[in-house]
Number of protein chains: 2
Amino acid sequence: MAQPSCIRILLVDDHSVVRMGLAAVLSLDEGLTVVAEAEDGAQALEKFRSDKPDVVLMDVRMPGMGGLEALRALRAAAPGARVLMLTTSELDEDVQRAIEAGAAGYLQKSVTRDELVRAIRRVHAGGSYVPEALERRLAQLAKRRHLSHREIEVLDGMRRGLSNRDIAVSLSISEHTVKAHVKAILQKLESADRAEAVARGFEQGLLRVGE
Amino acid sequence: MAQPSCIRILLVDDHSVVRMGLAAVLSLDEGLTVVAEAEDGAQALEKFRSDKPDVVLMDVRMPGMGGLEALRALRAAAPGARVLMLTTSELDEDVQRAIEAGAAGYLQKSVTRDELVRAIRRVHAGGSYVPEALERRLAQLAKRRHLSHREIEVLDGMRRGLSNRDIAVSLSISEHTVKAHVKAILQKLESADRAEAVARGFEQGLLRVGE
DNA sequence: GGGCGCATCGCCCGTTCGGGCGATTGCCTT
DNA sequence: AAGGCAATCGCCCGAACGGGCGATGCGCCC
């Protein structure tokens with residue numbers, strides 16, 4: 001079996017194919033061993049508690065409790081947890097959020113075996129690992145002006161086809177205030193109208209399908 | 001090595017982890033053998049020609065030539081090609097398009113090993129394989145009113161923040177015609193305004209980020 | 001303490017949007 | 001040949017939108 005000095009890994013991904021792929025890749029390295037797998041955030045928390053892995057390898061996007069929530073919950077329960085996040089899509093709001101939420105690293109699923117193993121070792125050693133390409137993206141994202149919580153709510157109203165008045169009612173504020181928010185949103189998102197703003201919302205991960 | 005009666009498989013996916021996962025899963029079955037892998041549509045065509053696989057296992061979403069285009073090209077070059085499409089996201093316009101484009105089956109990456117192997121055998125035998133859940137979705141999608149090509153173009157104009165007049169200019173038609181298209185789009189997408197229409201566009205896969 | 005961002009509220013006004021009535025020309029399928 | 005659908009064009013109009021000028025209070029950070 002695994003040597004006592006092995007880095008113990010917990011895999012979290014809702015796609016069994018990906019889990020098996022990761023397990024296959026990692027099993028090739030003698031210093032690594034997959035001690036548990038989970039299909040969603042809730043299971044991940046359980047398995048983490050029961051199996052105490054050294055490193056968690058987790059997908060960002062999952063049904064139920066998403067990867068980000070799971071990450072936060074994990075960090076809250078065990079601040080020392082070393083978590084390496086995996087993602088399918090490169091352009092993503094989530095990258096930044098994950099880093100802020102305490103991820104030790106961030107990888108795309110297109111990584112080579114080598115890079116993956118290197119990242120795991122690095123993270124296990126207490127370091128962090130973010131690919132260069134993503135780091136550059138991060139710098140761009142950081143420069144982007146963030147929408148406030150309220151503005152997100154207004155943007156969500158727009159996406160549902162509500163008029164300014166409707167949004168005002170649903171948020172219990174005046175229509176004029178909504179217009180002020182809309183104006184701010186259009187500026188921050190550099191959009192000409194609400195339709196483009198909604199599109200930008202989807203592109204930047206502020207809005208997403210199925211929510 | 002593989003037995004002569006093995007089903008020869010070509011894997012196509014831009015994520016190496018997924019390719020390795022599939023390879024690992026399939027290698028467990030004696031009747032299956034992965035004879036080639038490709039990272040994108042163009043490579044897939046090459047490999048198909050050179051290795052003549054019995055079944056192609058291909059991701060829908062890929063950089064460069066997408067999976068759907070690759071599927072069409074493949075079917076055009078070799079009408080008898082048996083192609084099983086893989087997808088990450090369940091709710092997707094692509095499912096229907098893939099079937100129409102001649103895919104023999106459609107699977108989510110969350111499939112179990114068993115189901116995957118069953119699907120491959122079924123497809124190799126000349127049958128088709130679509131999971132029940134997806135089939136139900138298909139029925140829904142079929143009922144949904146389709147946007148015409150022109151309407152998609154207009155919707156794309158909306159998503160870019162163009163006014164009716166701007167769209168008219170960019171398509172070299174009259175503003176009134178654009179309004180007619182917009183009206184039709186709002187009806188078909190059951191949207192109150194263009195902002196909601198754009199949102200529905202993203203939700204239904206008519207629009208997507210990064211295009 | 002002063003600045004900055006956020007959330008809230010006010011009015012005016014021109015432009016755009018979306019709905020309601022039309023219409024004709026093609027193409028494809030039945 | 002008939003019917004349906006897509007694409008094109010027409011006018012009227014009320015309501016919504018987005019921009020421009022404001023304003024006040026609150027909390028946070030330097």
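First the proteins, then the strands, lettered A, B, ... as listed; each starts at 1. Source: prediction; values computed, not measured. Side-chain atoms are counted along with the backbone in the values below, which use heavy atoms only and exclude waters and symmetry mates.
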Would you give me the side-chain donor-acceptor pairs under 3.5 Å for residues 112-120 of chain A, sequence neighbours excluded?
| unit_1 | atom_1 | unit_2 | atom_2 | d |
| --- | --- | --- | --- | --- |
| A:Thr112 | OG1 | A:Glu115 | N | 3.2 |
| A:Glu115 | OE2 | A:Tyr129 | OH | 3.1 |

What pairs of nitrogen or oxygen atoms, one from the protein and one from nucleotides 28-30 of chain C, lie under 3.5 Å apart?
none

Could you pull out the protein-nucleic contacts involving nucleotides 8-13 of chain C (nitrogen or oxygen on both sides, under 3.5 Å)?
| unit_1 | atom_1 | unit_2 | atom_2 | d |
| --- | --- | --- | --- | --- |
| C:dT8 | OP1 | A:Arg150 | NE | 3.3 |
| C:dT8 | OP1 | A:Arg150 | NH2 | 2.9 |
| C:dT8 | OP2 | A:Arg150 | NE | 3.2 |
| C:dT8 | OP2 | A:His181 | NE2 | 3.0 |
| C:dC9 | OP2 | A:Ser174 | N | 2.6 |
| C:dC9 | OP2 | A:Ser174 | OG | 3.4 |
| C:dC9 | OP2 | A:Thr177 | OG1 | 2.7 |
| C:dG10 | N7 | A:His176 | ND1 | 3.0 |
| C:dG10 | N7 | A:His176 | NE2 | 2.5 |
| C:dG10 | O6 | A:His176 | NE2 | 2.9 |
| C:dC11 | N4 | A:His176 | NE2 | 2.9 |

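In this structure, CG of A:Leu186 is placed 12 Å from P of D:dG20, rounded to the nearest angstrom. A:Glu151 has its CD atom 10 Å from the C1' atom of C:dG5, to the nearest Å. B:Met158 places its CE atom 16 Å from the C1' atom of D:dC17, with the value rounded to the nearest Å. The distance between atom NZ of B:Lys188 and atom P of D:dC5, rounded to the nearest whole Å, is 9 Å. The CZ-P distance, from B:Arg165 to C:dT15, rounds to 10 Å in whole Å. One interatomic measurement links the two molecules: CG of B:Leu147 to C1' of D:dA6, which rounds to 12 Å at whole-angstrom precision. Residue B:Gln187 contributes atom CD, which lies 10 Å from atom C1' of C:dG19 at whole-angstrom precision. Atom pair A:Glu153:CD and C:dC6:P shows a separation of 14 Å (rounding to whole Å applied).
Of the charged side-chain nitrogens involved, none lies within less than 4.0 Å of a carboxylate oxygen, so that A:Asp193 and B:Arg160 do not count as a salt-bridged pair. Salt bridge annotation for A:Glu151-A:Lys188: present, with a cationic side-chain nitrogen under 4.0 angstrom from a carboxylate oxygen. Between A:Asp14 and A:Arg19, none of the side-chain N atoms (NZ, or NE/NH1/NH2) sits under 4.0 Å from a carboxylate O, so this pair counts as no salt bridge.
The structure places CE of B:Met158 at 6.0 Å from CD1 of B:Ile167, a figure rounded to the nearest 0.5 Å. Atom NE2 of residue A:His181 and atom NE2 of residue A:His176 lie 11.0 Å apart, to the nearest 0.5 angstrom. Once rounded to the nearest 0.5 Å, the distance linking CD of B:Glu69 with CG of B:Leu74 reads 13.0 Å.
Contact check of residues 192-199 of chain B against DNA chain D (heavy atom, cut-off under 4.0 Å) returns no residues at all.
The phosphate of C:dT16 has neither OP1 nor OP2 within less than 4.0 Å of any side-chain N or O from B:Asn164. In terms of phosphate contacts, B:Ser148 brings a side-chain nitrogen or oxygen within less than 4.0 Å of OP1 or OP2 of D:dA7.
Sequence neighbours left out, the pairs with a member in residues 161-186 of chain A that pass salt bridge (Lys or Arg N to Asp or Glu O under 4.0 Å) are A:Arg165-A:Glu175.
No donor-acceptor pair under 3.5 Å is formed between the side chain of A:Ser110 and the backbone N or O of A:Gln108. Side-chain N or O atoms of A:Arg208 include one that pairs as donor or acceptor with a backbone N or O of A:Gly205 at under 3.5 Å. Between the A:Arg159 side chain and the A:Leu207 main chain, no donor and acceptor come within less than 3.5 Å of each other.
Closest heavy-atom contact between A:Arg82 and A:Ala104: NH2-CB, 3.5 Å.
Between B:Leu32 and the options B:Asp54, B:Leu26, B:Val55, B:Val25, a side chain to side chain contact (heavy atoms under 4.5 Å, CB included) holds for only B:Leu26.
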Under 4.0 Å protein heavy-atom contacts per nucleotide of nucleotides 24-30 of chain D, with B for base, S for backbone only and - for none: -------
Step-by-step side-chain contact (heavy atoms from CB on, under 4.5 Å) determination, A:Ile9 to A:Val35: CA-CA 6 Å; A:Ile9 298 171; A:Val35 294; 5.8 Å; no
